[in-house]
Amino acid sequence: MSAVGVAMHGLVTELYPICRSITGNGVRQTLEILRRRLPLQVHEVPSGTAVFDWTVPREWNIRDAYVKAADGRRVIDFRASNLHVLNYSVPVRARMTLAELKPHLFTRPDLPDVIPYKTSYYKEAWGFCLRHRDLEELGEGEYDVLIDASLEAGSLTYGEYYLPGESDDEVLLSCHVCHPSLANDNLSAVAVAVSLAQALASRPSRRYSYRILFIPGTIGSITWLARNEDSVSRVKHGLVLAGLGAGEGFAYKKSRRGDAPIDRAVQHVLAHVKQPFAIASFSPYGYDERQFCSPGFNLPVGCLMRTPHGQYREYHTSADDPGFVAPAALAESLETCLRVVDVLERDERYLNLSPKCEPQLGRRGLYRTLGGEMDAAGREMAMLWVLNQSDGGPTLLDIAERAGLPFHAIAAAAETLTSHGLLKPVTDLA
Ligand code: ZN
(Lines give C-alpha, C1' and ligand atoms only; values in the text may rest on other atoms or scores of the structure.)
Protein backbone atom coordinates (compact mmCIF):
# COMPACT_ATOMS: atom_id res chain seq x y z
CA MET A 1 0.00 0.00 0.00
CA SER A 2 1.36 3.42 -0.88
CA ALA A 3 2.69 5.47 2.02
CA VAL A 4 1.11 8.63 0.67
CA GLY A 5 -2.31 6.91 0.50
CA VAL A 6 -1.97 5.87 4.14
CA ALA A 7 -0.87 9.39 5.13
CA MET A 8 -3.87 10.95 3.36
CA HIS A 9 -6.20 8.48 5.03
CA GLY A 10 -4.61 9.39 8.35
CA LEU A 11 -5.43 13.04 7.76
CA VAL A 12 -9.04 12.17 6.87
CA THR A 13 -9.31 10.19 10.11
CA GLU A 14 -7.76 13.00 12.16
CA LEU A 15 -10.13 15.63 10.75
CA TYR A 16 -13.23 13.44 10.78
CA PRO A 17 -14.45 14.00 14.39
CA ILE A 18 -14.45 17.81 14.12
CA CYS A 19 -17.86 19.48 13.84
CA ARG A 20 -17.37 21.81 10.90
CA SER A 21 -19.80 24.14 9.24
CA ILE A 22 -19.55 27.08 6.83
CA THR A 23 -18.24 29.23 9.70
CA GLY A 24 -17.02 28.67 13.23
CA ASN A 25 -14.33 27.02 15.29
CA GLY A 26 -14.57 23.68 13.48
CA VAL A 27 -13.16 25.31 10.33
CA ARG A 28 -10.43 27.07 12.37
CA GLN A 29 -9.45 23.83 14.10
CA THR A 30 -9.36 22.06 10.73
CA LEU A 31 -7.13 24.72 9.17
CA GLU A 32 -4.87 24.62 12.24
CA ILE A 33 -4.32 20.89 11.66
CA LEU A 34 -3.64 21.54 7.96
CA ARG A 35 -1.11 24.24 8.92
CA ARG A 36 1.07 21.55 10.48
CA ARG A 37 1.48 20.17 6.98
CA LEU A 38 1.20 23.26 4.81
CA PRO A 39 2.00 26.90 5.66
CA LEU A 40 -1.37 28.14 4.55
CA GLN A 41 -2.72 31.58 5.26
CA VAL A 42 -5.93 31.76 7.28
CA HIS A 43 -8.37 34.55 6.39
CA GLU A 44 -11.20 35.82 8.59
CA VAL A 45 -13.99 37.76 6.87
CA PRO A 46 -16.40 39.50 9.27
CA SER A 47 -20.07 38.52 9.43
CA GLY A 48 -22.18 41.03 7.54
CA THR A 49 -19.58 41.61 4.80
CA ALA A 50 -21.34 41.99 1.46
CA VAL A 51 -20.02 39.54 -1.12
CA PHE A 52 -21.77 40.15 -4.44
CA ASP A 53 -25.43 39.25 -3.89
CA TRP A 54 -24.67 37.46 -0.61
CA THR A 55 -23.73 38.43 2.92
CA VAL A 56 -21.20 36.62 5.10
CA PRO A 57 -23.47 34.98 7.70
CA ARG A 58 -23.27 35.09 11.45
CA GLU A 59 -20.80 32.61 12.89
CA TRP A 60 -22.13 29.31 14.20
CA ASN A 61 -20.59 27.38 17.07
CA ILE A 62 -21.94 24.44 18.98
CA ARG A 63 -20.94 22.92 22.31
CA ASP A 64 -23.55 20.25 23.01
CA ALA A 65 -26.95 19.03 21.88
CA TYR A 66 -29.31 16.28 22.90
CA VAL A 67 -32.84 15.00 23.17
CA LYS A 68 -33.36 13.44 26.61
CA ALA A 69 -36.14 11.04 27.53
CA ALA A 70 -38.02 11.38 30.83
CA ASP A 71 -35.60 8.89 32.45
CA GLY A 72 -32.67 11.23 31.69
CA ARG A 73 -31.24 9.05 28.91
CA ARG A 74 -29.91 10.92 25.84
CA VAL A 75 -31.89 9.32 23.04
CA ILE A 76 -30.22 11.63 20.52
CA ASP A 77 -26.70 12.73 21.47
CA PHE A 78 -24.46 15.20 19.65
CA ARG A 79 -21.49 13.67 21.49
CA ALA A 80 -22.07 10.37 19.68
CA SER A 81 -22.12 12.00 16.22
CA ASN A 82 -22.09 15.65 15.20
CA LEU A 83 -24.37 14.70 12.28
CA HIS A 84 -27.19 14.40 14.85
CA VAL A 85 -27.65 18.17 14.82
CA LEU A 86 -29.14 20.01 11.88
CA ASN A 87 -26.03 21.98 10.91
CA TYR A 88 -26.44 25.72 11.71
CA SER A 89 -29.34 25.05 14.11
CA VAL A 90 -30.32 28.06 16.20
CA PRO A 91 -30.06 27.45 19.97
CA VAL A 92 -32.99 25.80 21.69
CA ARG A 93 -33.80 24.65 25.22
CA ALA A 94 -37.30 23.27 25.70
CA ARG A 95 -39.45 20.46 26.96
CA MET A 96 -41.90 19.08 24.45
CA THR A 97 -43.99 16.10 23.46
CA LEU A 98 -42.93 13.71 20.75
CA ALA A 99 -45.61 15.19 18.47
CA GLU A 100 -44.09 18.65 18.97
CA LEU A 101 -40.57 17.33 18.47
CA LYS A 102 -41.27 15.29 15.36
CA PRO A 103 -41.34 18.17 12.82
CA HIS A 104 -37.72 18.83 13.89
CA LEU A 105 -36.53 15.24 13.39
CA PHE A 106 -35.01 14.14 10.09
CA THR A 107 -34.37 10.55 9.00
CA ARG A 108 -33.82 8.55 5.85
CA PRO A 109 -36.60 5.91 5.84
CA ASP A 110 -34.95 4.39 2.76
CA LEU A 111 -31.69 3.91 4.73
CA PRO A 112 -32.95 3.26 8.27
CA ASP A 113 -29.51 2.57 9.77
CA VAL A 114 -27.73 5.81 8.89
CA ILE A 115 -27.84 9.33 10.30
CA PRO A 116 -28.50 11.77 7.49
CA TYR A 117 -26.56 15.04 7.14
CA LYS A 118 -28.71 18.13 6.82
CA THR A 119 -28.05 21.84 6.99
CA SER A 120 -30.04 25.03 7.29
CA TYR A 121 -27.50 27.79 6.68
CA TYR A 122 -29.65 30.57 5.36
CA LYS A 123 -33.01 29.90 7.01
CA GLU A 124 -33.26 29.93 10.81
CA ALA A 125 -34.26 26.49 12.00
CA TRP A 126 -33.34 23.85 14.51
CA GLY A 127 -33.50 20.10 14.30
CA PHE A 128 -31.96 16.71 14.81
CA CYS A 129 -31.00 13.99 12.36
CA LEU A 130 -31.20 10.37 13.44
CA ARG A 131 -31.44 6.79 12.27
CA HIS A 132 -34.95 6.01 11.13
CA ARG A 133 -34.74 2.84 13.19
CA ASP A 134 -34.13 4.94 16.33
CA LEU A 135 -36.99 7.29 15.52
CA GLU A 136 -39.34 4.33 15.50
CA GLU A 137 -38.20 3.43 19.03
CA LEU A 138 -39.12 6.82 20.51
CA GLY A 139 -42.10 6.50 22.85
CA GLU A 140 -44.76 9.07 23.52
CA GLY A 141 -44.14 11.38 26.44
CA GLU A 142 -42.06 14.44 27.09
CA TYR A 143 -38.52 15.14 25.97
CA ASP A 144 -35.93 17.64 27.07
CA VAL A 145 -34.39 19.26 24.03
CA LEU A 146 -31.13 21.19 24.07
CA ILE A 147 -29.05 22.70 21.32
CA ASP A 148 -26.30 24.64 23.04
CA ALA A 149 -25.20 26.60 19.99
CA SER A 150 -24.52 30.22 19.20
CA LEU A 151 -25.19 32.17 16.06
CA GLU A 152 -23.63 35.58 16.42
CA ALA A 153 -21.41 38.17 14.79
CA GLY A 154 -18.02 36.63 14.07
CA SER A 155 -16.39 35.72 10.81
CA LEU A 156 -16.09 33.31 7.96
CA THR A 157 -12.77 31.48 7.96
CA TYR A 158 -10.93 30.04 4.99
CA GLY A 159 -7.43 28.86 4.17
CA GLU A 160 -5.32 29.81 1.19
CA TYR A 161 -1.97 28.40 0.14
CA TYR A 162 -0.02 30.19 -2.55
CA LEU A 163 2.95 28.58 -4.22
CA PRO A 164 4.81 30.86 -6.62
CA GLY A 165 6.08 29.60 -9.95
CA GLU A 166 8.05 31.10 -12.85
CA SER A 167 4.91 32.79 -14.13
CA ASP A 168 2.28 34.80 -12.28
CA ASP A 169 -0.30 32.80 -14.21
CA GLU A 170 -2.10 30.60 -11.73
CA VAL A 171 -3.58 27.18 -11.36
CA LEU A 172 -6.47 27.36 -8.89
CA LEU A 173 -7.38 24.30 -6.83
CA SER A 174 -10.19 24.33 -4.32
CA CYS A 175 -11.90 22.02 -1.87
CA HIS A 176 -14.48 22.25 0.91
CA VAL A 177 -13.80 22.43 4.64
CA CYS A 178 -17.42 22.87 5.75
CA HIS A 179 -18.69 19.31 6.12
CA PRO A 180 -18.75 17.88 9.65
CA SER A 181 -18.11 14.16 10.17
CA LEU A 182 -18.17 13.07 6.54
CA ALA A 183 -15.10 11.50 5.00
CA ASN A 184 -15.38 11.16 1.25
CA ASP A 185 -17.42 14.35 0.96
CA ASN A 186 -15.17 16.18 1.43
CA LEU A 187 -12.21 15.37 3.67
CA SER A 188 -10.88 13.12 0.90
CA ALA A 189 -10.43 16.16 -1.33
CA VAL A 190 -8.84 18.14 1.51
CA ALA A 191 -6.30 15.34 2.00
CA VAL A 192 -5.57 15.07 -1.73
CA ALA A 193 -5.20 18.87 -1.99
CA VAL A 194 -2.70 18.91 0.89
CA SER A 195 -0.60 16.10 -0.59
CA LEU A 196 -0.78 17.68 -4.04
CA ALA A 197 0.40 21.01 -2.60
CA GLN A 198 3.26 19.26 -0.78
CA ALA A 199 4.29 17.46 -3.99
CA LEU A 200 4.24 20.72 -5.97
CA ALA A 201 6.16 22.58 -3.26
CA SER A 202 8.90 19.94 -3.32
CA ARG A 203 9.60 20.48 -7.04
CA PRO A 204 12.67 22.53 -7.86
CA SER A 205 10.66 24.71 -10.25
CA ARG A 206 7.15 25.24 -11.54
CA ARG A 207 5.94 26.94 -14.69
CA TYR A 208 2.73 28.10 -13.00
CA SER A 209 1.96 29.55 -9.63
CA TYR A 210 -0.54 27.53 -7.60
CA ARG A 211 -3.28 28.76 -5.33
CA ILE A 212 -5.06 26.18 -3.21
CA LEU A 213 -8.24 27.16 -1.40
CA PHE A 214 -9.67 25.38 1.63
CA ILE A 215 -13.07 27.04 1.79
CA PRO A 216 -16.62 26.47 2.99
CA GLY A 217 -19.02 25.50 0.20
CA THR A 218 -20.73 28.19 -1.89
CA ILE A 219 -20.29 31.17 0.47
CA GLY A 220 -16.54 30.46 0.63
CA SER A 221 -15.97 30.65 -3.12
CA ILE A 222 -18.30 33.65 -3.41
CA THR A 223 -16.36 35.39 -0.64
CA TRP A 224 -12.99 34.52 -2.18
CA LEU A 225 -14.10 35.75 -5.62
CA ALA A 226 -15.46 38.99 -4.13
CA ARG A 227 -12.15 39.68 -2.37
CA ASN A 228 -10.00 38.73 -5.36
CA GLU A 229 -12.05 40.06 -8.23
CA ASP A 230 -9.18 42.18 -9.54
CA SER A 231 -6.68 39.34 -9.77
CA VAL A 232 -8.74 36.35 -10.93
CA SER A 233 -7.68 36.95 -14.53
CA ARG A 234 -4.41 35.28 -13.46
CA VAL A 235 -6.28 31.98 -13.14
CA LYS A 236 -5.43 30.10 -16.31
CA HIS A 237 -6.54 26.65 -15.18
CA GLY A 238 -8.50 25.37 -12.23
CA LEU A 239 -9.99 22.33 -10.59
CA VAL A 240 -12.53 21.89 -7.85
CA LEU A 241 -11.62 18.68 -6.03
CA ALA A 242 -14.42 16.66 -4.41
CA GLY A 243 -15.19 13.10 -3.38
CA LEU A 244 -11.80 11.61 -4.23
CA GLY A 245 -11.54 8.84 -1.65
CA ALA A 246 -14.05 6.18 -2.64
CA GLY A 247 -15.46 4.48 -5.69
CA GLU A 248 -14.18 3.04 -8.92
CA GLY A 249 -12.78 5.32 -11.58
CA PHE A 250 -13.25 9.05 -12.02
CA ALA A 251 -15.80 11.61 -13.08
CA TYR A 252 -14.94 14.99 -14.54
CA LYS A 253 -17.29 17.87 -15.04
CA LYS A 254 -16.04 20.28 -17.65
CA SER A 255 -15.72 24.01 -17.15
CA ARG A 256 -18.49 26.23 -18.48
CA ARG A 257 -16.20 27.00 -21.44
CA GLY A 258 -16.12 23.30 -22.22
CA ASP A 259 -12.94 23.55 -24.30
CA ALA A 260 -10.50 25.07 -21.84
CA PRO A 261 -7.00 23.53 -21.69
CA ILE A 262 -7.88 22.08 -18.26
CA ASP A 263 -10.83 20.25 -19.83
CA ARG A 264 -8.58 18.79 -22.46
CA ALA A 265 -5.84 17.91 -19.96
CA VAL A 266 -8.17 16.06 -17.59
CA GLN A 267 -9.92 14.17 -20.37
CA HIS A 268 -6.58 13.09 -21.78
CA VAL A 269 -5.28 11.90 -18.42
CA LEU A 270 -8.48 10.01 -17.58
CA ALA A 271 -8.43 8.29 -20.96
CA HIS A 272 -5.12 6.70 -19.93
CA VAL A 273 -5.94 5.92 -16.30
CA LYS A 274 -7.09 2.36 -17.12
CA GLN A 275 -10.21 2.81 -14.99
CA PRO A 276 -13.77 3.65 -15.90
CA PHE A 277 -14.39 7.37 -16.20
CA ALA A 278 -17.24 9.67 -17.07
CA ILE A 279 -17.07 13.14 -18.60
CA ALA A 280 -19.96 15.51 -18.03
CA SER A 281 -20.66 18.87 -19.58
CA PHE A 282 -20.91 21.87 -17.29
CA SER A 283 -24.15 22.29 -15.39
CA PRO A 284 -24.95 25.00 -12.84
CA TYR A 285 -25.34 22.50 -10.01
CA GLY A 286 -22.64 20.80 -7.97
CA TYR A 287 -19.64 22.22 -6.12
CA ASP A 288 -17.89 25.59 -6.30
CA GLU A 289 -17.36 25.42 -10.06
CA ARG A 290 -20.83 26.99 -10.04
CA GLN A 291 -19.33 30.23 -8.71
CA PHE A 292 -15.99 30.10 -10.55
CA CYS A 293 -17.90 29.48 -13.79
CA SER A 294 -20.64 32.08 -13.20
CA PRO A 295 -20.88 34.24 -16.33
CA GLY A 296 -19.23 37.27 -14.66
CA PHE A 297 -16.07 35.18 -14.14
CA ASN A 298 -16.31 32.21 -16.50
CA LEU A 299 -13.00 30.88 -15.21
CA PRO A 300 -11.52 27.75 -16.79
CA VAL A 301 -12.36 25.60 -13.76
CA GLY A 302 -13.68 22.04 -13.92
CA CYS A 303 -14.53 19.58 -11.17
CA LEU A 304 -12.71 16.29 -10.59
CA MET A 305 -14.47 13.61 -8.57
CA ARG A 306 -14.62 9.88 -8.27
CA THR A 307 -18.29 8.90 -7.88
CA PRO A 308 -20.18 12.22 -8.25
CA HIS A 309 -22.09 13.73 -5.31
CA GLY A 310 -25.49 12.21 -4.74
CA GLN A 311 -24.66 9.13 -6.80
CA TYR A 312 -23.53 6.85 -3.99
CA ARG A 313 -25.57 5.42 -1.17
CA GLU A 314 -23.29 6.73 1.59
CA TYR A 315 -23.51 10.33 0.33
CA HIS A 316 -24.43 12.84 3.08
CA THR A 317 -24.94 10.13 5.70
CA SER A 318 -23.05 8.69 8.64
CA ALA A 319 -22.01 5.82 6.36
CA ASP A 320 -19.57 8.23 4.70
CA ASP A 321 -17.00 7.57 7.41
CA PRO A 322 -13.23 6.94 7.23
CA GLY A 323 -13.94 3.25 6.59
CA PHE A 324 -15.70 4.21 3.38
CA VAL A 325 -12.54 5.98 2.14
CA ALA A 326 -9.68 3.82 0.86
CA PRO A 327 -5.99 4.78 0.98
CA ALA A 328 -5.55 3.27 -2.51
CA ALA A 329 -8.36 5.41 -3.94
CA LEU A 330 -6.83 8.53 -2.38
CA ALA A 331 -3.43 7.62 -3.82
CA GLU A 332 -4.90 7.10 -7.30
CA SER A 333 -6.66 10.45 -7.07
CA LEU A 334 -3.43 12.20 -6.11
CA GLU A 335 -1.60 10.47 -8.95
CA THR A 336 -4.30 11.57 -11.39
CA CYS A 337 -4.13 15.17 -10.17
CA LEU A 338 -0.35 15.13 -10.57
CA ARG A 339 -0.68 13.80 -14.13
CA VAL A 340 -3.09 16.63 -14.94
CA VAL A 341 -0.71 19.18 -13.42
CA ASP A 342 2.14 17.68 -15.47
CA VAL A 343 0.20 18.26 -18.67
CA LEU A 344 -0.29 21.91 -17.69
CA GLU A 345 3.35 22.26 -16.64
CA ARG A 346 5.04 20.46 -19.51
CA ASP A 347 2.88 20.93 -22.57
CA GLU A 348 4.88 22.91 -25.10
CA ARG A 349 6.18 22.87 -28.64
CA TYR A 350 9.52 21.37 -29.56
CA LEU A 351 11.70 21.40 -32.63
CA ASN A 352 13.47 18.34 -33.98
CA LEU A 353 17.11 19.38 -34.41
CA SER A 354 17.87 16.45 -36.74
CA PRO A 355 14.81 16.58 -38.98
CA LYS A 356 16.26 15.16 -42.20
CA CYS A 357 15.35 11.47 -41.95
CA GLU A 358 15.23 9.75 -38.60
CA PRO A 359 18.26 10.32 -36.39
CA GLN A 360 20.08 7.11 -35.56
CA LEU A 361 18.79 6.31 -32.11
CA GLY A 362 20.84 3.12 -31.64
CA ARG A 363 24.13 5.01 -31.92
CA ARG A 364 22.98 7.20 -29.01
CA GLY A 365 21.89 4.26 -26.86
CA LEU A 366 18.24 5.22 -27.30
CA TYR A 367 17.17 2.13 -29.22
CA ARG A 368 16.52 -1.29 -27.80
CA THR A 369 19.35 -3.73 -28.25
CA LEU A 370 18.50 -7.30 -27.28
CA GLY A 371 15.70 -8.19 -24.88
CA GLY A 372 15.25 -4.67 -23.61
CA GLU A 373 12.98 -3.64 -20.82
CA MET A 374 9.29 -4.42 -20.96
CA ASP A 375 8.21 -0.92 -21.90
CA ALA A 376 11.12 -0.25 -24.25
CA ALA A 377 8.92 -0.60 -27.33
CA GLY A 378 6.51 2.00 -25.96
CA ARG A 379 9.35 4.35 -25.15
CA GLU A 380 10.76 4.03 -28.67
CA MET A 381 7.34 4.64 -30.17
CA ALA A 382 6.99 7.79 -28.08
CA MET A 383 10.41 9.02 -29.26
CA LEU A 384 9.53 8.35 -32.91
CA TRP A 385 6.30 10.30 -32.55
CA VAL A 386 7.98 13.23 -30.84
CA LEU A 387 10.76 13.39 -33.44
CA ASN A 388 8.34 13.13 -36.33
CA GLN A 389 5.87 15.71 -35.09
CA SER A 390 8.19 18.27 -33.51
CA ASP A 391 8.38 20.84 -36.27
CA GLY A 392 7.38 23.68 -33.95
CA GLY A 393 3.69 23.12 -34.68
CA PRO A 394 2.03 20.53 -32.45
CA THR A 395 2.50 20.61 -28.69
CA LEU A 396 3.38 17.49 -26.71
CA LEU A 397 -0.31 17.02 -25.83
CA ASP A 398 -1.23 17.25 -29.53
CA ILE A 399 1.40 14.58 -30.22
CA ALA A 400 0.22 12.36 -27.34
CA GLU A 401 -3.35 12.46 -28.64
CA ARG A 402 -2.32 11.78 -32.21
CA ALA A 403 -0.11 8.88 -31.08
CA GLY A 404 -2.71 7.50 -28.68
CA LEU A 405 -0.05 7.48 -25.96
CA PRO A 406 -0.23 8.96 -22.47
CA PHE A 407 1.17 12.47 -22.13
CA HIS A 408 3.71 11.37 -19.55
CA ALA A 409 5.25 8.91 -22.03
CA ILE A 410 5.49 11.61 -24.70
CA ALA A 411 6.89 14.14 -22.22
CA ALA A 412 9.48 11.61 -21.01
CA ALA A 413 10.51 10.95 -24.63
CA ALA A 414 10.87 14.71 -25.23
CA GLU A 415 13.04 14.99 -22.14
CA THR A 416 15.30 12.13 -23.25
CA LEU A 417 15.62 13.50 -26.78
CA THR A 418 16.35 16.99 -25.46
CA SER A 419 19.10 15.67 -23.21
CA HIS A 420 20.64 13.97 -26.25
CA GLY A 421 20.63 17.18 -28.27
CA LEU A 422 18.00 15.97 -30.73
CA LEU A 423 15.21 18.29 -29.59
CA LYS A 424 14.74 21.81 -28.26
CA PRO A 425 11.75 23.56 -26.77
CA VAL A 426 10.56 26.21 -29.23
CA THR A 427 10.71 28.88 -26.51
CA ASP A 428 14.48 28.34 -26.15
CA LEU A 429 15.07 29.20 -29.81
CA ALA A 430 14.09 32.83 -29.58
ZN1 ZN B 1 -21.66 17.63 0.46
Side-chain angles (χ1 to χ4, degrees), residues 8 11-13 15-24 26-27 30-31 34 54 57 60 62 81-89 106-108 110-111 114-123 125 127 129 156-159 173-193 213-224 239-247 250-253 280 283-293 301-325 329-330 333:
M8 285 187 282
L11 180 57
V12 168
T13 305
L15 296 173
Y16 177 76
I18 300 171
C19 184
R20 277 165 292 268
S21 187
I22 53 172
T23 62
V27 177
T30 299
L31 296 177
L34 299 187
W54 298 58
W60 186 71
I62 182 162
S81 168
N82 57 45
L83 297 181
H84 275 312
V85 169
L86 175 72
N87 201 284
Y88 244 69
S89 276
F106 305 99
T107 66
R108 283 280 300 268
D110 59 323
L111 296 170
V114 303
I115 308 163
Y117 162 58
K118 280 184 88 69
T119 67
S120 187
Y121 299 139
Y122 302 106
K123 181 171 172 272
C129 301
L156 176 148
T157 313
Y158 68 89
L173 302 161
S174 92
C175 59
H176 283 174
V177 287
C178 55
H179 285 46
S181 288
L182 294 163
N184 190 44
D185 181 26
N186 210 353
L187 294 175
S188 64
V190 171
V192 169
L213 304 179
F214 299 88
I215 51 179
T218 307
I219 190 68
S221 52
I222 293 170
T223 300
W224 185 83
L239 277 181
V240 170
L241 303 175
L244 289 171
F250 289 91
Y252 177 67
K253 175 174 153 185
S283 64
Y285 187 71
Y287 289 96
D288 282 328
E289 68 282 0
R290 296 155 69 160
Q291 315 310 332
F292 298 125
C293 296
V301 176
C303 180
L304 183 67
M305 298 161 278
R306 296 190 75 109
T307 313
H309 54 90
Q311 294 181 23
Y312 50 97
R313 211 169 48 88
E314 294 81 357
Y315 177 73
H316 280 190
T317 76
S318 54
D320 181 4
D321 63 15
F324 178 57
V325 166
L330 289 166
S333 297

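Counting starts at 1 for both ligands and their atoms, following the listed order.
- Residues Tyr315 and Asp320 form no side-chain contact, since every pair of their non-hydrogen atoms from C-beta on lies 4.5 Å or further apart.
- The closest side-chain heavy-atom distance from Ser181 to Tyr117 is not below 4.5 Å.
- Between Val27 and Cys178 there is no side-chain heavy-atom pair separated by less than 4.5 Å.
- Annotation: side chain of Met305 is not in contact with side chain of Phe250 (no heavy-atom distance under 4.5 Å).
- Looking at His316 and the Zn ion (ligand 1) together, the shortest N, O or S contact belongs to NE2.
- Among the backbone and side-chain atoms of His179, an N, O or S atom lies under 2.8 Å from the Zn ion (ligand 1).
- For Asp185, the N, O or S atom closest to the Zn ion (ligand 1) goes by the atom name OD2.
- Metal site remark for the Zn ion (ligand 1): His309 contributes no N, O or S atom at a distance under 2.8 Å.
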